[in-house]
2 protein chains.
Amino acid sequence: MSQHRHPGAPGSAGAVPALPDLPEATVARLPEYLRALHNLADTGHETVSSEGLATAAGVNSAKLRKDLSHLGSYGTRGVGYDVALLIEQIESVLGLTQRRAVALVGVGNLGHALAGYDGFASRGFRIAALFDADPGRVGEEINGLVVRHVDELPRVAAEESIAIGVIATPASAAQRVADQLVEVGVTSILNFAPCVLSVPEGVDVRKVDLAIELQILSFHEHRKASLTALPATGGSALTALPGGLAATDSQEAIGT
Amino acid sequence: MSQHRHPGAPGSAGAVPALPDLPEATVARLPEYLRALHNLADTGHETVSSEGLATAAGVNSAKLRKDLSHLGSYGTRGVGYDVALLIEQIESVLGLTQRRAVALVGVGNLGHALAGYDGFASRGFRIAALFDADPGRVGEEINGLVVRHVDELPRVAAEESIAIGVIATPASAAQRVADQLVEVGVTSILNFAPCVLSVPEGVDVRKVDLAIELQILSFHEHRKASLTALPATGGSALTALPGGLAATDSQEAIGT
DNA sequence: AGGCGCTTGTGAAGACGTGCACAAATCGCG
DNA sequence: CGCGATTTGTGCACGTCTTCACAAGCGCCT
Ligand SMILES: NC(=O)c1ccc[n+]([C@@H]2O[C@H](COP(=O)([O-])OP(=O)(O)OC[C@H]3O[C@@H](n4cnc5c(N)ncnc54)[C@H](O)[C@@H]3O)[C@@H](O)[C@H]2O)c1
Ligand SMILES: NC(=O)c1ccc[n+]([C@@H]2O[C@H](COP(=O)([O-])OP(=O)(O)OC[C@H]3O[C@@H](n4cnc5c(N)ncnc54)[C@H](O)[C@@H]3O)[C@@H](O)[C@H]2O)c1
């Protein structure tokens with residue numbers, strides 16, 4: 001976690017973009033806004049209201065406005081937001097003006113799918129290199145890229161100026177791979193292996209774990225089943241009627 | 001969300017689970033604790049302290065204790081938690097005592113990888129059916145399962161009592177597939193397509209979007225680069241030491 | 001039995017995130 | 001030129017989550 005908040009320079013008369021220092025929750029939503037905006041642009045929309053964009057992104061419109069207000073005032077009251085301008089601004093804030101090079105380590109079952117995914121390219125990234133430790137896989141060509149041995153990582157990382165590393169190896173190898181990535185200067189890692197990675201301060205790790213997602217769904221499934229099964233709670237008072245239609249739970253949005 | 005648990009009956013002679021109604025943030029972490037606990041059990045540990053488990057799960061120990069306290073008091077002061085007992089409790093709360101059936105729709109690039117993934121089975125789930133709309137793929141056998149046409153979903157869903165649907169189709173087809181899943185009674189969906197799904201109240205959707213993860217990393221990468229470029233802010237400090245060996249295990253955990 | 005060290009469980013405080021509600025700003029039109 | 005319709009940007013209150021700090025409980029050793 002980044003904790004050191006520089007207290008000084010509040011007004012900050014800086015003329016430059018000035019690093020807005022966005023709330024983390026906002027950062028996590030910006031990509032979704034960006035995707036929705038691209039959809040709108042592709043369908044010919046020139047402007048969009050906060051209400052419209054919020055619906056397209058699946059969030060509350062007040063939240064969307066507050067999020068965007070952190071980037072500056074790029075909307076026009078009474079009109080809405082200019083789609084092209086907003087795309088530009090969000091991409092700028094997310095650092096997508098340069099196409100970042102991604103290295104994928106572990107070209108197995110999952111790695112193959114990722115290597116062949118074109119959603120990377122269309123959203124600001126370039127798979128620059130594939131690595132594996134299995135000699136049987138080295139040399140294989142996927143989508144125009146040759147799989148290299150992981151020992152070549154230092155050389156290739158320098159050549160391609162890798163910005164982000166993706167780990168798709170078994171969990172047992174993930175920490176070692178992470179160490180190797182850090183060693184060659186990678187400071188952002190996306191980890192698909194089901195394990196906790198230990199990295200130096202300053203290195204960011206995000207984790208995607210499919211089984212965890214399913215287990216969270218399982219919890220809610222379990223809870224829903226229990227609720228309809230035995231609606232009587234405690235011993236007295238509040239006799240939540242089992243009608244089944246009186247579901248008070250509002251929007252079902254779970255987690256982030 | 002309601003939080004008031006029954007005020008009386010502290011000893012709680014109740015033998016039944018009793019629906020703890022956990023905070024969502026806690027639910028999202030329980031699977032990680034569970035995974036860490038299984039690792040501990042496999043390496044012969046019988047008990048573990050909150051500190052130890054917290055480290056293994058990559059969280060703060062106070063947070064872990066508070067999370068576990070929501071399930072009840074399953075620890076022993078001065079000793080720690082019984083690993084086997086805690087596994088049992090967490091699995092019970094998450095509804096993993098029954099092996100839930102999962103249907104995977106869209107057996108393309110990504111779908112193939114998911115269908116062949118054994119991490120499902122070992123963590124409480126069973127891939128019960130594969131579906132695709134492409135006649136060319138229907139009939140193909142993957143990992144012992146035959147790909148069926150998506151039109152067979154109603155029949156198969158009933159036969160296998162599908163609990164969770166996984167969508168791995170292109171975004172353009174995702175909403176239609178979601179509708180079909182809801183239609184046959186599925187109330188939990190894991191969506192890999194980069195789009196917002198609209199579902200009725202009572203249906204839970206979780207989304208995994210690889211490009212979003214990368215873009216969030218990109219933001220932090222961008223910010224880190226800007227900071228080192230112009231460190232004039234405040235007193236600066238933090239001169240990222242290149243040594244590389246001073247790995248403080250302070251995880252950089254971003255977002256959730 | 002009693003004391004000591006260790007660990008849990010939790011109250012309290014603060015940080016963070018959310019959503020309402022409304023003033024301010026802008027456009028279009030008569 | 002002014003007015004009403006529309007939509008942004010934000011102050012404020014509320015709820016959720018995190019973290020600290022410590023009393024209470026437990027086992028072990030003397
Ligand atoms: N397949 C899926 O759908 C899926 C889903 C979620 C998570 N995961 C996780 O993703 C990871 C990969 O899964 P998979 O199914 O592709 O496994 P896999 O065994 O098919 O592929 C792993 C690949 O990593 C390579 N590898 C092993 N050690 C390495 C090292 N030190 N350096 C470089 N490469 C190395 C192996 O040679 C292999 O090619 C696993 O941790 C798995 O738990 C997979
Ligand atoms: N491949 C990846 O690594 C990756 C990563 C992240 C996200 N995604 C997303 O996952 C989804 C699938 O990606 P992919 O690379 O596997 O695509 P793909 O084109 O290889 O596979 C899509 C499959 O869905 C099937 N399909 C299409 N319409 C259908 C329908 N109505 N019902 C049932 N099946 C249908 C197609 O026949 C095809 O087999 C896409 O939305 C993609 O954006 C993929």
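To find a chain, count down the sequence lines: A is the first, B the second, and so on, and within it residues start at 1. None of the values given here were measured: they were computed from a predicted structure.
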Worksheet item: Would you say the side chain of A:Leu217 lies within less than 4.5 Å of the side chain of A:Glu213, judging by non-hydrogen atoms?
Response: no
Worksheet item: Base, sugar-phosphate, or nothing for A:Thr26, non-hydrogen atoms under 4.0 angstrom?
Response: nothing
Worksheet item: Is there a side-chain contact between A:His220 and B:Glu24, using heavy atoms and a 4.5 Å cut-off?
Response: yes
Worksheet item: Any chance CZ of B:Arg176 has more than 12 other-residue heavy atoms, nucleotides or ligands included, within less than 6.0 Å?
Response: no
Practice prompt. Return the nearest nucleotide to the side chain of B:Ala25; candidates are D:dC17, D:dT8, D:dG9.
Written response: D:dC17
Fill in: Nucleotide of C:dT8, D:dG9, C:dT18 approaching A:Tyr81 most closely (side-chain heavy atoms)
D:dG9
Practice prompt. Take the protein atom NZ of A:Lys63 and the nucleotide atom C1' of D:dT10, then report the distance between them rounded to whole Å.
Written response: 17 Å
Response to the item:
Ranking C:dT10, D:dT19, C:dT18 by distance to the side chain of B:Ser69, first place goes to C:dT10
Worksheet entry | Pairwise salt bridge (charged side-chain N to carboxylate O under 4.0 Å, His left out) hits with a residue in residues 64-85 of chain B, at least two apart | B:Arg29-B:Asp67
Discussion item. Measuring only between side-chain heavy atoms, which start at C-beta, is A:Cys195 closer than 4.5 Å to A:Gln175?
Written reply: no
Worksheet item: Looking at B:Ser73, does any N or O in its side chain come under 4.0 Å of the phosphate oxygens OP1/OP2 on C:dG9?
Response: yes
Discussion item. Taking side chain to side chain donor-acceptor pair (under 3.5 Å) as the criterion, tell me which of A:Glu91, A:Arg123, A:Arg100, A:Gln98 meets it with B:Ser218.
Written reply: A:Arg100
Item to complete: Let me have a per-nucleotide readout for nucleotides 20-30 of chain C, 5' to 3', with B, S or -, counting only protein heavy atoms under 4.0 Å.
Response: BB--BBBS---
Worksheet item: Nearest-Å distance, NE2 (A:His70) to P (C:dC16)?
Response: 12 Å
